[in-house]
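Notes for the one structure printed next.
Starting from 1, each residue takes its place in the sequence as its number.
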Amino acid sequence: MSNKIQGVLTAIVTTFDRDGAFNPATQREQVKRQLSAGNGIFCGGTNGEFFVLNEQEKLAVTETCVDEVNASAPVVAHIGEISTRETIRLGKQIEKLGVDAVSVITPYFVPLKQDELIYHYQTVADALNVPLFLYNIPARTGNTLQPETVRTLASHPNIIGIKDSAGSYESLSGFLQAAKGIDNFDVLNGPDSLIHQGFVDGCSACISGLANVAPKEINAIWARFHAGDIEGSRLAQENVTGLRTDLYSVGFSPAAVKKAVSLLGYNVGDSRYAVRFTAEEEQKIRQIVNQYLQ
């Protein structure tokens with residue numbers, strides 16, 4: 001990959017029709033919405049509900065996003081599966097679609113030692129031609145990448161960074177420290193509450209689920225920081241943090257994010273997994289969105 005991935009990549013929702021099937025037309029609408037705000041695309045991740053998509057749907061989502069972006073912004077696709085074999089299988093198909101990089105979540109359900117995680121990632125990276133980002137989200141997987149493990153993996157020529165969604169400043173700082181002095185290895189921030197601080201400390205980009213709801217507001221954190229307006233970036237972060245806190249008090253991502261996008265008037269469908277919102281909860285989400293997005 002010749003160009004460094006910088007700024008905001010939206011962890012874009014996967015859109016479904018009324019029957020719960022993938023809807024390419026509305027997916028394109030959401031991609032266009034993000035591009036108009038200056039954001040790149042991260043598809044097939046947690047907010048994209050990869051855990052309820054079959055292989056053909058994952059390919060269709062990625063192909064649709066890549067085609068709609070048309071090389072105007074970065075596209076990163078998530079390919080992580082429980083097994084090394086299936087991760088490679090999916091990755092070999094995804095890389096043919098023209099993504100700029102792929103992201104690989106730690107294997108989940110089964111606990112792994114750090115040397116086993118190193119083996120997994122090195123084996124996947126060896127098998128693929130497309131650059132690879134590590135993806136750390138221990139609350140959902142049960143497996144945590146340690147900073148020293150990441151530093152070891154950073155020496156692989158095809159591993160170009162890590163997306164950290166552990167949710168704490170301590171975790172993000174640990175990876176930034178581990179990446180110091182290593183060329184061509186970047187740290188991407190996952191939690192929307194840490195976007196500004198991540199940029200201040202050296203993150204090259206953020207992967208934002210909340211950008212589905214507030215694409216311009218999230219991009220403002222980066223745009224102002226990139227322009228040297230550090231205080232303006234911090235203030236933009238404060239507004240986003242308030243939105244995140246209030247929205248996630250009703251329901252957590254990805255369902256709350258998708259419901260908020262739907263209540264904004266976009267036809268993205270319902271989340272597939274077993275989550276439901278009462279009429280009162282929907283009204284609360286609507287009030288929250290109206291409060292912060294004016």
Side-chain angles (χ1 to χ4, degrees), residues 1-7 9-12 40-48 50-51 53 55 58-59 61-63 65-66 69 73-108 112 114-138 140-141 143-166 171-172 175-176 178-179 182-190 203-207:
M1 185 178 65
S2 58
N3 297 321
K4 186 183 186 74
I5 292 179
Q6 291 184 301
L9 275 70
T10 299
I12 199 162
I41 301 297
F42 178 87
C43 61
T46 303
N47 276 276
F50 79 91
F51 47 89
L53 300 179
E55 183 178 277
K58 292 173 183 178
L59 294 173
V61 168
T62 303
E63 186 173 25
C65 290
V66 169
V69 169
V75 178
V76 177
H78 175 251
I79 64 166
E81 302 288 346
I82 291 179
S83 75
T84 306
R85 177 180 178 178
E86 289 304 308
T87 301
I88 292 172
R89 171 185 163 81
L90 180 60
K92 283 184 173 295
Q93 296 177 82
I94 291 287
E95 70 180 4
K96 297 176 183 176
L97 301 179
V99 296
D100 295 284
V102 294
S103 171
V104 179
I105 201 169
T106 60
Y108 41 98
L112 297 175
Q114 293 300 300
D115 65 316
E116 292 167 333
L117 291 171
I118 290 171
Y119 167 80
H120 172 73
Y121 280 110
Q122 289 179 338
T123 303
V124 174
D126 285 343
L128 300 180
N129 295 313
V130 68
L132 182 154
F133 283 102
L134 313 172
Y135 182 177
N136 186 58
I137 183 168
R140 304 295 179 92
T141 67
N143 285 307
T144 302
L145 283 163
Q146 298 297 333
E148 56 269 26
T149 298
V150 170
R151 190 166 181 86
T152 296
L153 289 169
S155 64
H156 194 291
N158 204 34
I159 297 177
I160 62 169
I162 180 171
K163 177 194 179 219
D164 180 37
S165 294
S171 177
L172 187 65
F175 292 130
L176 284 164
I182 301 177
D183 294 332
N184 303 315
F185 186 87
D186 295 317
V187 177
L188 280 54
N189 172 65
C203 289
S204 63
C206 71
I207 309 293

Original post:
Taking atom OH of Tyr119 as the centre, does the number of heavy atoms from other residues, nucleotides or ligands within less than 6.0 Å exceed 12?
Top reply: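 12 or below, so no.
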
Original post:
Under 6.0 Å from the CD atom of Glu95, do we count more than 12 heavy atoms belonging to anything else shown?
Top reply: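 Atom CD in Glu95 is crowded, with more than 12 foreign heavy atoms closer than 6.0 Å.
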
Please determine, by modelled atom types, if [X] and [Y] share a side-chain donor-acceptor pair under 3.5 angstrom.
X	Y	answer
Tyr135	Thr46	yes
Thr149	Gln114	yes
Ser103	His78	no

From [X] [atom1] over to [Y] [atom2], what is the distance, rounded to the nearest 0.5 angstrom?
X	Y	atom1	atom2	result
Lys96	Asn129	NZ	CG	10.5 Å
Leu128	Thr123	CG	OG1	10.5 Å
Asn136	Ser171	CG	OG	5.5 Å
Tyr121	Asp126	OH	CG	14.5 Å
Ile137	Ser165	CD1	OG	5.0 Å
Asn158	Asn184	CG	CG	11.5 Å

When you measure from the side chain of [X] to the backbone of [Y], do you find a donor-acceptor pair of N or O atoms at a distance under 3.5 Å?
X	Y	value
Thr152	Glu148	yes
Asn143	Thr106	no
Asp100	Val75	yes
Glu81	Glu86	no
Gln6	Ala205	no

Original post:
Pick from Glu116, His120, Arg89: which one makes a side chain to side chain donor-acceptor pair (under 3.5 Å) with Thr84?
Top reply: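 One option only clears the test, and that one is His120.
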
Is [Y] close to [X] at the side-chain level, that is, under 4.5 Å between some pair of heavy atoms?
X	Y	answer
Tyr108	Ile82	yes
Leu117	Pro107	yes
Ile105	Thr141	yes
Val76	Ile41	no
Val150	Phe185	yes

Which heavy atom of [X] sits nearest to which heavy atom of [Y], and what is that distance?
X	Y	value
Cys65	Ile12	SG-CG2, 4.4 Å
Gly98	Val66	O-CG1, 4.1 Å
Leu188	Ile207	CD2-CD1, 3.7 Å
Val130	Ala101	CG2-CA, 3.7 Å
Lys58	Leu53	CE-O, 3.3 Å
Asn47	Ala11	CB-O, 3.1 Å

Original post:
Can Lys163 be said to sit on top of Phe42's aromatic six-ring, NZ or CZ under 6.0 Å from centre and within 45° of the ring axis?
Top reply: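 Output yes; distance and angle both within limits.
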
**OP:** Using the side chain to side chain contact (heavy atoms under 4.5 Å, CB included) rule, take Leu59 and Ile94 through it: C-alpha gap first, then chi angles, then the decisive distance, then the call.
**Re:** CA-CA 6 Å; Leu59 294 173; Ile94 291 287; 3.7 Å; yes

Subject >> Derivation and outcome, side chain to side chain contact (heavy atoms under 4.5 Å, CB included), residues Leu172 and Cys203 >> reply: CA-CA 9 Å; Leu172 187 65; Cys203 289; 3.9 Å; yes

**OP:** Could you walk me through whether Asp186 and Ile160 pass side chain to side chain contact (heavy atoms under 4.5 Å, CB included), step by step?
**Re:** CA-CA 6 Å; Asp186 295 317; Ile160 62 169; over 6 Å; no

